[in-house]
Amino acid sequence: MERCPWSEGFEQYRRYHDEEWGVPLRDSRALFELLMLEGAQAGLSWSTILKKRDNYRKAFDNFDPERIAAYGPEDEARLMADVGIVRNRLKVSGVIKGARAFLAMEAAGTRFSDFVWQFVGGEPLQNRWTALGEVPASTAVSDAMSKALKKAGFTFVGSTICYSFMQAAGMVNDHLVACPRHKAVKAHALASGKISKSVAAQGRKRRAGASSATIAPDESGSA
């Protein structure tokens, strides 16, 4: 397999490339975890964070926003003493702030998944890069996402971090065209897109049917 060159080096990195990177991710909690880990990467390498990912999940209660949002000074002290994660006070605090921003967003009626996917119109952007040098570090889309996330209360969400997040979460397909995963994640995106559109169409059909149906008084319970 002619993988994207960045993935070579150690087996865990190769598995991440082959199984996760670029596959569209739409679960809000999983997206929150990924964004927090991308923020932890700032100034470091993704391989460093990937090696610590299990430690992060254990330290941050599997990235459960409700539990993290309730962290106090004792939890921050515990995290700063945890050698299994990057012990940077601003980054630790950033995860707590992120959890609170996540909950505030969802309490206001916006799913985190919908919020981040809106920047690509809900469907992955399919790029066709032939060399690593062609792949951008940031784009106008990641600029917009960064600005919106900061306004919502998140930290460590600069444009470069947001673009890396978009790549990992499958909002953009940045596997090189020579890499077999380019075709695979594109097919996955197309299939999931068809399913989501079909579900949405069925929902619209049910709502239209309900609005036009005549309900007898004894069926409605209130007529």
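- Under the 4.5 Å side-chain criterion, counting only non-hydrogen atoms from C-beta, Val92 is in contact with Met80.
- In this structure, CZ on Arg78 lies 10.5 Å from CD on Glu76, to the nearest 0.5 angstrom.
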Worksheet item: Stepwise, does the side-chain contact (heavy atoms from CB on, under 4.5 Å) test hold for Glu2 with Cys179?
Response: CA-CA 5 Å; Glu2 188 178 347; Cys179 174; over 6 Å; no
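- The side-chain tip of Lys51 points at the ring of Phe10 from less than 6.0 angstrom away and within 45° of straight on.
- Closest of all the heavy-atom pairs between Gly84 and Asp82 is N-OD1, 2.8 Å.
- Side-chain contact check for Ile96 versus Met36: every heavy-atom pair is 4.5 Å or farther apart.
- Here the closest non-hydrogen pair linking Ala169 and Leu31 is CB-CD2, 3.7 Å.
- Paired with Asp174 under the rule side-chain hydrogen bond (donor to acceptor under 3.5 Å, both in side chains), one option of Gln167, Gln126, Arg128, His182 passes, and it is Gln167.
- Side-chain atoms of Ser142 and Ser159 form a donor-acceptor pair, as typed in the model, at a separation below 3.5 Å.
- The ring of His175 has its center closer than 6.0 angstrom to the ring center of Trp21.
- The OG atom of Ser28 sits 4.5 Å away from atom CZ of Arg111, with the distance rounded to the nearest 0.5 Å.
- Taking NZ of Lys58 as the start and CD1 of Ile85 as the end, the distance is 12.5 Å to the nearest 0.5 Å.
- Counting only heavy atoms from C-beta outward, the side chains of Ile68 and Val95 approach each other to under 4.5 Å.
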Practice prompt. Start with the C-alpha gap between Val116 and Phe165, add the side-chain angles, then the distance that decides, and say whether side-chain contact (heavy atoms from CB on, under 4.5 Å) holds.
Written response: CA-CA 10 Å; Val116 294; Phe165 168 70; 4.1 Å; yes
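- Trp6 pairs in a ring-ring contact (aromatic ring centres under 6.0 Å, His included) with only one of the listed residues (Tyr13, Trp129, Trp46), which is Tyr13.
- Note on Arg3 versus Asp18: salt bridge recorded, some NZ/NE/NH1/NH2 to OD/OE distance being below 4.0 Å.
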Show me, pair by pair, the donor-acceptor contacts under 3.5 angstrom made by side chains of residues 98-105, not counting sequence neighbours?
residue, atom, partner, partner atom, Å
Arg100, NE, Ala69, O, 2.9
Arg100, NH2, Ala69, O, 3.1
Arg100, NH2, Tyr71, O, 3.1

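- The pair Arg67-Asp64 does not count as a salt bridge, with every side-chain nitrogen at least 4.0 angstrom from each carboxylate oxygen.
- In terms of hydrophobic clustering, with Ile, Leu, Val, Met, Phe, Trp and Tyr side chains grouped at heavy-atom distances under 4.5 Å, Leu37 and Leu44 are assigned to a common cluster.
- Side chains of Leu125 and Met171 form no contact here, defined as non-hydrogen atoms less than 4.5 Å apart.
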Worksheet item: Could you go step by step and tell me if Phe60 and Leu79 meet the side-chain contact (heavy atoms from CB on, under 4.5 Å) rule?
Response: CA-CA 8 Å; Phe60 284 97; Leu79 291 165; 3.5 Å; yes
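- To the nearest 0.5 Å, atoms SG (Cys162) and NZ (Lys147) are separated by 13.5 Å.
- With contacts defined as side-chain heavy-atom distances shorter than 4.5 Å, the pair Ser113/Leu25 does not qualify.
- With respect to Glu33 and Arg57, a salt bridge is recorded, a charged nitrogen being found less than 4.0 Å from a carboxylate O.
- Rounding to the nearest 0.5 Å gives a distance of 12.5 Å between CE of Met145 and CD1 of Ile161.
- Thr139 is not listed as a side-chain neighbour of Val172, based on a closest heavy-atom distance of 4.5 Å or more.
- Residue Ser138 comes nearest to Tyr163 through the heavy atom pair CA-CB, 3.9 Å, listed as atom of the first residue, atom of the second, then distance.
- Within the model, atoms CD of Gln41 and CG of Leu50 stand 10.0 Å from one another, a figure rounded to the nearest 0.5 Å.
- The two residues Phe156 and Ala42 come nearest to each other via the heavy atoms CD2-CB, 4.1 Å.
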Worksheet entry | Candidate pair Arg181 and Val23, rule side-chain contact (heavy atoms from CB on, under 4.5 Å), full reasoning | CA-CA 9 Å; Arg181 291 299 296 165; Val23 176; 3.4 Å; yes
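- Within the 4.5 Å cutoff, side-chain heavy atoms of Ile49 are placed close to those of Val86.
- Taking 4.5 Å as the limit, some side-chain heavy atom of Met166 sits within range of a side-chain heavy atom of Val141.
- Side-chain contact, Asn173 with Asn127: no donor N or O sits under 3.5 Å from an acceptor N or O.
- Shown here for Pro24 and His188, the closest heavy-atom pair between the two residues is CD-ND1, 3.7 Å.
- No hydrogens or angles considered: a donor-acceptor pair under 3.5 Å links the side chains of Glu134 and Thr130.
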